[in-house]
Amino acid sequence: MTATVSFTIDSPLGPRTTTVAYERKGSGEPLLLLHGIGHHLQAWHPVTDILAAEHDVIAVDLPGFGASEPLPGGVPYSLGTVAPALGALCTALGVERPHVAGNSLGGLLALEMGRSGLVRSVTALSPAGFWSEGERRYAFAALLAMRAGAKALPLPAVQRLAHSAAGRAALTGTIYARPNRRSPQAVVAETLALRNATGFEDTLAAGGSVRFTDDVPGLPVTIAWGTRDRLLLRRQGVRAKHTLPGARLVRLPGCGHVPMNDDPALVARVVRDTARRAERSGEREAAYAHE
């Protein structure tokens with residue numbers, strides 16, 4: 001069940017209050033899940049139950065997406081604002097330094113949270129920010145086309161399309177390698193989420209100059225890329241590995257840009273393996289402290 005929490009964030013305009021929607025289930029070490037631009041927390045549903053068997057899973061609608069409110073007027077949708085806001089969200093939920101997994105925009109935010117010391121491990125699935133200028137322009141054009149289509153189609157047309165294999169491919173084939181695995185109801189819901197995303201344009205504008213150029217030392221980091229990612233081409237994963245030499249680079253065979261739907265078991269295994277690396281590291285540190 002989706003819940004909401006309100007909390008104070010720091011911004012260039014001073015402290016402001018925002019409200020974020022989230023779903024929480026499971027028990028164990030906390031794990032924060034972050035979706036991509038124009039999407040919503042339901043993107044993680046194919047893997048949530050698997051992850052909740054070992055973790056206290058918190059899937060979040062980013063500010064301005066899904067059921068979350070937009071950021072307060074004048075507050076930028078920048079890495080420097082949103083990543084600390086997610087840290088404040090964790091504090092409001094009583095969580096300290098969770099593991100984090102993010103996809104696309106969420107992957108970029110996850111890496112920024114890692115760089116800022118807000119989390120204990122990072123799994124980034126096709127993260128934004130490792131593109132060339134040409135690749136960025138291509139991705140942004142594709143996203144804008146998807147947004148325009150979602151806004152132009154009447155709801156009955158979306159519903160009709162979602163009930164056929166060809167229609168699901170037309171609506172979601174840019175982000176899924178296997179759009180047929182999405183239910184018609186899920187396709188309708190995410191098309192509406194893209195249509196109604198109040199933070200879409202501001203987030204896209206803020207991302208125009210973003211390049212992730214820092215290492216994230218001192219904690220386990222996994223970069224995973226689908227072999228059939230049509231939005232952020234997988235060669236960007238090689239750039240990510242050069243930027244973060246200590247990171248593990250993982251190939252996701254047969255997966256598209258949003259791999260949680262294409263191969264839930266594989267994605268869940270990658271996320272859990274990264275978290276377990278952090279747990280083993282913590283156990284070694286505790287052992288050394290007692291010697």
Side-chain angles (χ1 to χ4, degrees), residues 1-2 21 23 33-50 59-62 64-68 102-107 125-128 135-201 203-204 207 224-234 236 252-268:
M1 179 178 293
T2 303
E23 290 181 357
L33 302 179
L34 308 175
H35 62 77
I37 187 170
H39 225 150
H40 54 179
L41 62 82
Q42 288 82 358
W44 289 97
H45 278 180
V47 300
T48 301
D49 286 342
I50 306 173
V60 176
D61 275 334
L62 295 173
F65 298 95
S68 289
N103 173 226
S104 195
L105 167 65
L125 310 174
S126 295
E135 291 163 347
R136 183 197 67 78
R137 288 177 181 271
Y138 163 77
F140 280 29
L143 289 166
L144 287 167
M146 289 178 63
R147 166 84 158 173
K151 293 176 75 172
L153 285 171
L155 179 57
V158 173
Q159 292 169 330
R160 284 195 301 273
L161 285 168
H163 278 84
S164 72
R168 288 194 292 279
L171 290 169
T172 64
T174 302
I175 59 172
Y176 298 127
R178 301 181 176 104
N180 259 350
R181 293 190 176 181
R182 279 312 253 175
S183 71
Q185 295 77 16
V187 170
V188 171
E190 61 195 338
T191 302
L192 295 179
L194 177 57
R195 173 190 295 180
N196 298 323
T198 56
F200 184 91
E201 281 79 12
T203 298
L204 208 62
W225 229 284
T227 60
R228 295 174 62 188
D229 192 330
R230 300 184 184 98
L231 190 65
L232 297 181
L233 306 181
R234 60 176 175 162
Q236 295 172 42
L252 303 176
C255 289
H257 184 63
V258 182
M260 300 86 78
N261 178 75
D262 289 325
D263 195 336
L266 175 59
V267 169

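- Leu171 places a side-chain heavy atom less than 4.5 Å from the side chain of Leu153.
- Using a 4.5 Å heavy-atom threshold, the side chains of Asp262 and Leu252 count as separate.
- The CG atom of Leu62 lies 5.5 Å from the CG atom of Leu34; values are rounded to the nearest 0.5 Å.
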Query raised in the report: So His35 and Trp44, side-chain contact (heavy atoms from CB on, under 4.5 Å) or not? Walk me through it.
Result: CA-CA 8 Å; His35 62 77; Trp44 289 97; 4.2 Å; yes
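- Listed here is the closest heavy atom pair of Ser68 and Ala21: OG-N, 2.8 Å.
- The distance from the SG atom of Cys255 to the CG atom of Asp229 is 10.0 Å, given to the nearest 0.5 Å.
- Put simply, the side chain of Asn103 never gets that close to the backbone of Val258: no donor and acceptor are under 3.5 Å apart.
- Judged purely by atom type and a 3.5 angstrom limit, Thr227 uses its side chain to pair as donor or acceptor with the backbone of Gly254.
- Atom NE2 of His40 is separated from atom OG1 of Thr2 by 10.0 Å, given to the nearest 0.5 angstrom.
- Evaluation of the side-chain hydrogen bond (donor to acceptor under 3.5 Å, both in side chains) test over residues 137-149, restricted to residues two or more places apart or in two chains, returns Glu133-Arg137, Arg147-Glu201.
- A donor-acceptor pair under 3.5 Å is absent between the side-chain atoms of Asn261 and the main chain of Pro179, judged by distance alone.
- With sequence neighbours excluded, the residues that form a ring-ring contact (aromatic ring centres under 6.0 Å, His included) with Phe140 are Trp131.
- Taking CD from Glu23 and CG from Leu41, the interatomic distance works out to 4.5 Å, rounded to the nearest 0.5 Å.
- The shortest distance between side-chain heavy atoms of Leu266 and Pro259 does not fall below 4.5 Å.
- Under the side-chain hydrogen bond (donor to acceptor under 3.5 Å, both in side chains) criterion, Asn180 pairs with Arg168, sequence neighbours left out.
- Checked against Phe65 for a side chain to side chain contact (heavy atoms under 4.5 Å, CB included), the options Thr198, Ile37, Val60 give a single hit: Ile37.
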Requested in this report: Mind running side-chain contact (heavy atoms from CB on, under 4.5 Å) on Leu125 and Met260 for me, showing each step along the way?
Outcome: CA-CA 9 Å; Leu125 310 174; Met260 300 86 78; 3.8 Å; yes
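- Annotation: the span from Leu231 atom CG to Ser104 atom OG amounts to 6.0 Å, rounded to 0.5 Å.
- Side-chain contact between His257 and Leu232: present, with at least one pair of heavy atoms (C-beta onward) separated by less than 4.5 Å.
- In this structure the side chain of Thr172 reaches within 4.5 angstrom of the side chain of Glu190, judged on heavy atoms.
- Taking all atoms of both residues into account, the shortest heavy-atom contact from Phe200 to Leu143 is CZ-O, 3.7 Å.
- Side-chain contact between Leu192 and Leu155 is present, with at least one heavy-atom pair separated by less than 4.5 Å.
- When side chains are defined from C-beta on, Pro46 counts as touching Arg182, because their heavy atoms get closer than 4.5 Å.
- To the nearest 0.5 Å, atom CZ of residue Arg230 and atom OH of residue Tyr176 are 13.0 Å apart.
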